[in-house]
Amino acid sequence: MLPLLLLLLPAAHGIVQLDYTPALTQEPVLGGQKTASTFVLDQPRCIFKDYGNADIWLVVALDEATSNFSNTARPGTLETAFQRFPDPVRAYMTLNATLANYPCPKPTGDITVLRVGSETSCAQDVTRPTCNGPLPGPGPYRVKFLALEGSVPKAETHWSMPITLREAKSPNTISTTGSGHSAGMIAITTILSILFAILLAGLVAMLIFWNSDSCSGSSTFSKPESVTVRRYNTHHVYDQPAARL
């Protein structure tokens with residue numbers, strides 16, 4: 001009888017509904033706010049300030065499963081394990097934090113976002129049921145934050161609006177309109193590039209030929225050496241007088 005009363009105690013006291021709705025991060029503008037397997041949320045700063053002893057969990061659920069989620073579900077169990085999401089588990093619990101992780105007010109320079117689906121190493125590791133693994137499809141998904149003291153739910157936020165992830169396009173759905181024009185442009189560009197390369201090679205060859213020809217001509221018709229003509233003085237030669245008879 002006592003265990004049953006303890007189980008019903010949280011329901012008797014109720015859970016506090018906080019006036020906060022999780023939302024995708026809008027500022028600062030981030031690349032990859034939504035990808036094929038992740039999305040980025042604002043951290044719930046100053047939302048759980050009255051619950052210093054609680055663990056704050058993020059609940060990720062399929063859009064149609066939010067109404068069936070039980071706040072008495074415990075994280076780290078088979079019924080909330082990421083590895084069993086989305087079937088048979090329709091909602092899992094991840095990104096365990098405390099109030100210290102969401103200080104209020106926000107210190108200058110703090111990173112105040114949460115990327116849901118960023119852990120790939122534990123996606124298949126059943127020993128880590130609270131893994132923040134990649135989401136298995138486009139969704140849509142909805143999320144909320146839930147504060148637990150032990151196994152007792154104390155406070156929760158509203159569910160977010162539905163979040164639909166990006167989908168990779170199938171090759172069969174990619175339009176090929178205009179692909180012939182693109183192929184023709186590529187062919188023309190390739191031909192022009194080849195012709196330009198040939199012309200450039202010809203110009204280089206001509207420059208090399210002209211340069212070598214100039215060098216050869218300058219060596220053939222080199223400046224002739226100056227000729228020095230020596231003048232000899234014949235002072236030692238005298239006209240001999242006619243022989244005397």
Side-chain angles (χ1 to χ4, degrees), residues 20-45 47 55-71 73-97 101-102 106 109-147 156-183 186:
Y20 178 77
T21 302
L24 295 175
T25 299
Q26 303 297 329
E27 292 184 3
V29 178
L30 299 174
Q33 179 203 58
K34 290 191 298 183
T35 68
S37 60
T38 69
F39 58 88
V40 181
L41 294 173
D42 288 327
Q43 291 183 359
R45 295 295 179 104
I47 305 302
D55 291 319
I56 304 167
W57 291 87
L58 179 71
V59 183
V60 182
L62 295 176
D63 182 27
E64 66 272 16
T66 55
S67 59
N68 296 325
F69 178 77
S70 173
N71 288 327
R74 301 186 63 179
T77 63
L78 287 177
E79 62 177 333
T80 59
F82 167 80
Q83 289 78 13
R84 305 181 71 206
F85 180 80
D87 186 31
V89 170
R90 311 293 279 173
Y92 67 96
M93 301 174 71
T94 187
L95 291 175
N96 177 29
N101 300 116
Y102 302 136
K106 179 182 77 71
D110 261 21
I111 299 174
T112 60
V113 299
L114 298 172
R115 182 170 289 277
V116 181
S118 61
E119 290 185 87
T120 58
S121 60
C122 58
Q124 304 299 325
D125 187 354
V126 295
T127 65
R128 295 182 59 188
T130 60
C131 175
N132 179 30
L135 293 160
Y141 305 100
R142 297 175 73 183
V143 299
K144 74 173 182 178
F145 292 97
L146 177 64
E156 66 174 345
T157 67
H158 298 293
W159 286 100
S160 70
M161 296 297 291
I163 300 170
T164 302
L165 303 183
R166 297 180 181 275
E167 290 189 73
K169 289 187 177 181
S170 169
N172 295 330
T173 63
I174 298 175
S175 174
T176 57
T177 303
S179 60
H181 176 72
S182 299
I186 293 173

Beyond-backbone contact of L62 with F85, side-chain heavy atoms, under 4.5 angstrom: yes
Side-chain heavy-atom pair L114, F145 within 4.5 angstrom cut-off: yes
Heavy-atom closest contact (P22 atom, K144 atom, distance): CG-CA, 4.0 Å
Shortest non-hydrogen contact between M93 and L146, atoms and distance: CE-CD2, 4.0 Å
Validation row: T120, P134 side chains within 4.5 angstrom (heavy atoms): yes
Heavy-atom check, side chain of Y141 versus side chain of L165, under 4.5 Å: yes
More than 12 heavy atoms of other groups within 6.0 Å of E64 CD: yes
Non-hydrogen side-chain atoms of R90 and N68 separated by less than 4.5 Å: no
Minimum-distance pair of heavy atoms, taken over all atoms of T80 and Y92: O-CB, 3.3 Å
Close side-chain approach of Q33 to Q26, heavy-atom, < 4.5 Å: yes
Over all atoms of both residues, closest heavy-atom pair of C131 and E119: SG-O, 4.0 Å
Side chains of I47 and Y102 in contact at under 4.5 Å (non-hydrogen atoms): no
Least distance between heavy atoms, T66 atom then A61 atom: CG2-CB, 4.3 Å
4.5 Å side-chain heavy-atom contact, N132 and V116: yes
Over all atoms of both residues, closest heavy-atom pair of Q43 and V113: NE2-O, 3.3 Å
Trace of the side chain to side chain contact (heavy atoms under 4.5 Å, CB included) decision for T94 with F82: CA-CA 8 Å; T94 187; F82 167 80; over 6 Å; no
